[in-house]
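Data first, discussion second: the structure below is written as structure tokens.
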Amino acid sequence: MDKRIYLIDITYGLVGNSPEIRMFGVDEDGRKVVVLDRGFRPYFYVIPEEGFEEQVAKAAGRMQGVVKAEVVDRRMFGKPIKAVKVTVTIPEKVRELRDRVKSIQHVKDVLEADIRFYIRYMIDNDIRPGWLMFSNLRPTDVKMGRVSNVYITEEPPRSLSIGAMPKLSYMALDIEVYNPRGTPDPRRDPVIIIALANHMGDVKLLTLDRYRSERDMFNEFNAIVDEWDPDVVFGYNSNKFDMPYLVNRANAINAKLQLSRYGTPPEQSVYGHWSIIGRAHIDLYNFVEDMTDVKRKSLDYVAEYFGIMKRSERVNIPGHRVYQYWDDEGKRDLLIKYARDDVVSTLELGRRLLPYAMQLASVSGLPLDQVGPASVGARVEWMIMHEAYKMGELAPNRVERPYETYRGAIVLEPKPGVHRNIAVIDFSSMYPNIMLKYNISPDTLITNGAEGDYYTAPEVGFKFRKSPRGLYTVLLQELIEARREAKSEMSKYPEGSPEWVLLNERQRALKVMANAMYGYCGWLGARWYIREVAESVTAWGRHLLKTAINMAKERGLSVIYGDTDSLFVTYDKDKVDELVGKINEMGFEVKIDKVYSKLIFTESKKRYIGLTVDGDIDIVGFEAVRGDWSELARNVQERVAELVLKSSVDEAVKYVRSVIDDLRNYRFTLDDVIIWKTLDKDVDEYKALQPHVIAAKRLIEKGYMVGKGDTVGFVIVKDGGDKLTQKAYPYIFVDDVKRIDIDYYIEKQVVPAALRILEVFGINEATLLGKTGRSILDYFS
DNA sequence: TAACCTAATAGTCAA
DNA sequence: TGTTGACTATTAGGTTAG
């Protein structure tokens with residue numbers, strides 16, 4: 001029987017002394033199915049000393065639990081190598097046998113013993129999460145949890161790269177917890193609301209007051225999940241909060257938590273992920289984390305960013321007040337509405353982000369529920385592992401390496417001042433294209449003398465074989481080809497249709513992964529890390545940009561600025577077009593990215609503001625686009641930029657003065673003055689106690705769990721003490737703007753942000769503060 | 001002792 | 001647990017002027 005199935009979750013179980021791969025998915029009609037494959041066994045590789053291959057294979061083959069040990073031909077960093085492939089009975093035996101095999105005489109190394117069994121199955125059969133084509137399915141009576149459509153396959157499926165959006169059922173989950181002492185403790189504090197929403201528009205709000213016991217509420221929760229039977233479960237920060245809390249709370253009160261298709265609780269899995277067997281649990285926070293444009297990552301801000309729900313339209317309850325709203329029966333409905341807003345936002349966010357998550361899973365090869373929590377390095381590495389398998393290249397083991405660094409890109413000194421009519425010329429995907437063109441890869445680097453024809457990297461002199469193509473190069477070529485395919489397929493569908501959206505997310509995921517290849521090759525933790533590889537990429541990049549600069553100058557174009565892969569030049573259309581044409585002839589794609597009618601540089605690199613010929617305002621690098629400045633300062637700077645570009649410097653000065661006046665008269669909200677900063681480590685590890693660290697300590701004092709990775713929102717108050725740090729308080733502890741230190745916000749936020757742009761025009765602090773003339777102090781300085 | 005200087009620390013953005 | 005380059009605020013810890 002032939003069948004197409006969209007893979008949702010993959011795991012394995014044991015049948016006697018044999019492993020059984022279990023693939024949960026939906027068929028083309030949206031029916032939930034499981035396919036079992038009993039024809040695959042785990043294995044790893046042993047690298048013997050030269051000449052001892054057969055001897056080692058025989059010794060390994062005699063070991064209990066080993067099914068087969070055979071000598072095979074593989075490659076290691078491009079060089080042919082003889083390895084012993086040791087196949088074992090069940091995945092649980094791999095670790096033990098790996099250690100025993102290591103002690104066999106004449107064994108140099110053991111490789112690929114750290115690859116999870118179901119991932120191994122996917123790599124070896126070139127399976128990616130997505131549509132799978134099964135050509136030899138047999139129905140069986142075996143029940144797999146609550147799924148009744150169970151099949152056994154006689155052969156592994158074939159992965160289809162493109163296909164329609166599957167008919168998935170999904171739900172979102174959000175819990176509220178009683179927390180009178182700050183951060184709740186699952187051993188003590190009950191879950192008071194479980195909010196659920198599904199793709200059919202059903203919303204269920206389970207509130208503790210409507211049940212005889214918390215256990216009854218959990219049972220109702222189990223029953224709803226069973227009835228809805230979602231393929232995908234969305235949460236927001238659910239890997240760090242909801243899932244562990246539910247699991248720990250269920251244990252504490254001895255309640256059942258039956259969320260998986262086996263009827264079991266969520267289990268902690270790789271990358272800090274909580275897995276729900278048979279479904280894909282997706283924590284949307286993981287995807288929002290990667291979006292650099294989204295500065296505030298809490299659900300209310302994110303929902304607003306995506307146009308799902310305005311913050312002004314939702315009930316806003318500070319986390320530490322949740323218990324008060326619960327205790328006060330007059331306010332309890334507000335809390336319930338709050339939970340509803342959160343779960344509905346989460347569901348909609350999930351609907352929007354799911355296509356990208358599916359494509360990122362497909363491209364990286366990681367299961368749908370793991371790809372989010374996996375690091376960029378892990379995503380790229382598994383993608384490479386798939387390619388390496390196809391090329392017969394063995395995966396090196398992970399090793400700790402001492403810190404080392406290498407030279408990066410060129411950044412030109414900008415010409416400060418106002419420029420008119422400037423074109424920005426950009427290299428498209430510069431680093432991937434450099435890697436492709438010069439065949440830069442760990443397996444093409446020449447390490448011992450010349451081997452045929454090669455490319456030599458400028459400045460650093462490292463050499464790369466021209467042929468055969470390397471691991472990275474082949475992969476990059478495939479990514480580019482797949483992207484071309486996705487784009488051409490896309491054009492067959494109306495913009496915004498489900499197929500179009502899915503293909504658009506596919507081409508986006510392919511681009512993201514191609515661009516991540518360079519970062520991966522310079523990552524110390526990479527299996528295939530070779531410093532010379534990363535160093536050569538940037539060396540060629542510098543060379544390329546320098547060449548482009550010279551070519552521009554030769555044509556009489558004035559170069560205003562440049563950074564890594566971009567060049568800002570006077571827009572003389574004919575000359576620029578000719579330049580672009582000439583660089584393209586060199587085999588690198590460049591294009592005019594945008595044209596500014598007015599562009600302003602200060603003396604700083606990586607910072608500029610510009611007015612495009614289309615009338616858009618760009619602000620790059622400045623405080624206005626930074627998440628660690630108050631909204632007040634960011635808004636002022638943004639408006640100053642706009643006025644300077646579209647109106648006049650005088651107007652901008654007037655505007656800044658009016659803002660200062662508003663401040664002095666307390667015409668602002670608390671939200672305007674919150675400063676947000678991320679804690680990159682736990683509070684005790686800091687050497688310098690900066691304001692946000694003190695604010696974090698104040699939160700901890702009140703019982704909050706604040707630590708590494710959390711973002712602290714604080715304000716500067718005037719009644720705290722002499723030192724700035726003393727005056728930094730978490731904004732949730734301040735409810736009156738009269739407590740705010742106005743002078744700090746004027747002198748350290750608004751004025752510097754405004755001056756950053758206005759000082760180009762000779763404006764100084766005194767002008768902004770309305771101090772005309774010279775003060776007595778000026779004579780002394 | 002206040003004023004001043006500099007290095008170190010820390011976070012965020014550009015590419 | 002993707003890279004280097006760059007800017008900026010603030011603290012920490014001194015030295016200096018008076």
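Lettering follows sequence order; numbering is per chain, from 1.
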Quiz item: Is R407(A) salt-bridged to E535(A), cutoff N-O under 4.0 Å?
Solution: no
Quiz item: Touch check for F568(A), heavy atoms < 4.0 angstrom, all strands: base, sugar-phosphate only, or nothing?
Solution: nothing
Quiz item: Contact class for A409(A) vs. all strands (heavy atom < 4.0 Å): base, sugar-phosphate, or nothing?
Solution: sugar-phosphate
Quiz item: Has K718(A) got more than 12 heavy atoms of other residues, nucleotides or ligands less than 6.0 Å from its NZ?
Solution: yes
Quiz item: 5' to 3' on DNA chain B, which nucleotides open and close the contacts with chain A (atom under 4.0 Å from a heavy atom)?
Solution: dT9(B) to dA15(B)
Self-check item: DNA chain C contacts among residues 425-435 of chain A, heavy-atom distance under 4.0 Å
Solution: none
Quiz item: Under 4.0 angstrom, heavy atoms only, what part of the nucleic acid is F622(A) near: base, sugar-phosphate, or nothing?
Solution: nothing
Practice problem: List in chain and number order the residues that pass side-chain hydrogen bond (donor to acceptor under 3.5 Å, both in side chains) with D672(A), two or more places apart in sequence or in another chain; answer none if no residue qualifies. | Solution: T669(A)
Quiz prompt | Salt-bridge criterion met for K297(A) and E289(A) (N-O under 4.0 Å) | solution = no
Practice problem: Using a 3.5 Å limit on both pairing distances, list the dot-bracket string of DNA chain C from the 5' end; Watson-Crick and G-U wobble pairs count, crossing pairs take [ ], interstrand pairs take |. | Solution: ..|||||||||||||||.
Exercise. Describe the nucleic acid contact of V380(A) in one word from base, sugar-phosphate, nothing, applying a heavy-atom distance below 4.0 Å.
Key: nothing
Practice problem: For V537(A), report the nucleic acid contact type (base, sugar-phosphate, nothing); a contact means any heavy atom under 4.0 Å. | Solution: nothing
Quiz item: OP1 or OP2 of dT4(C) sitting under 4.0 Å from any side-chain N/O of T538(A)?
Solution: no
Quiz item: Hey, can you pull the residues of residues 689-696 of chain A with a non-hydrogen atom under 4.0 angstrom from DNA chain B?
Solution: Q690(A), H692(A)
Practice problem: Would you indicate what G522(A) reaches in the nucleic acid, counting non-hydrogen atoms under 4.0 angstrom: base, sugar-phosphate, or nothing? | Solution: sugar-phosphate
Quiz item: Can you tell me if S536(A) uses its side chain to pair, donor with acceptor, with the backbone of E532(A) under 3.5 Å?
Solution: yes
Quiz item: Does Y529(A) have a side-chain nitrogen or oxygen under 4.0 Å from the phosphate oxygens OP1 or OP2 of dT1(C)?
Solution: no
Exercise. Have a look at T292(A) and say if it touches a base, only the backbone sugar-phosphate, or nothing, with a 4.0 Å heavy-atom cut-off.
Key: nothing
Quiz item: Just checking G621(A): base, sugar-phosphate only, or nothing, at a heavy-atom cut-off of under 4.0 Å?
Solution: sugar-phosphate
Quiz prompt | Ion pair R527(A)/E381(A), N-O distance below 4.0 Å | solution = yes
Quiz prompt | Identified side-chain contact (heavy atoms from CB on, under 4.5 Å) partner of L645(A) from the options D618(A), L599(A), I600(A), V418(A) | solution = I600(A)
Self-check item: Pair E603(A) + K415(A): basic N to acidic O under 4.0 Å
Solution: no
Quiz item: Within less than 4.0 Å of OP1 or OP2 of dG2(C), is there a side-chain N or O belonging to S375(A)?
Solution: yes
Quiz item: NA contact type, R401(A), heavy-atom cut-off 4.0 Å: base, sugar-phosphate, or nothing?
Solution: nothing
Quiz prompt | Taking every non-hydrogen atom, the tightest pair across W382(A) and L366(A) | solution = CD1-CD2, 3.5 Å
Quiz item: So what does S566(A) touch, heavy atoms closer than 4.0 Å: a base, only the sugar-phosphate, or nothing?
Solution: nothing
Quiz item: Does anything in residues 588-609 of chain A reach DNA chain C, meaning a heavy atom under 4.0 Å, and if so which residues?
Solution: S604(A), K605(A), K606(A), R607(A)
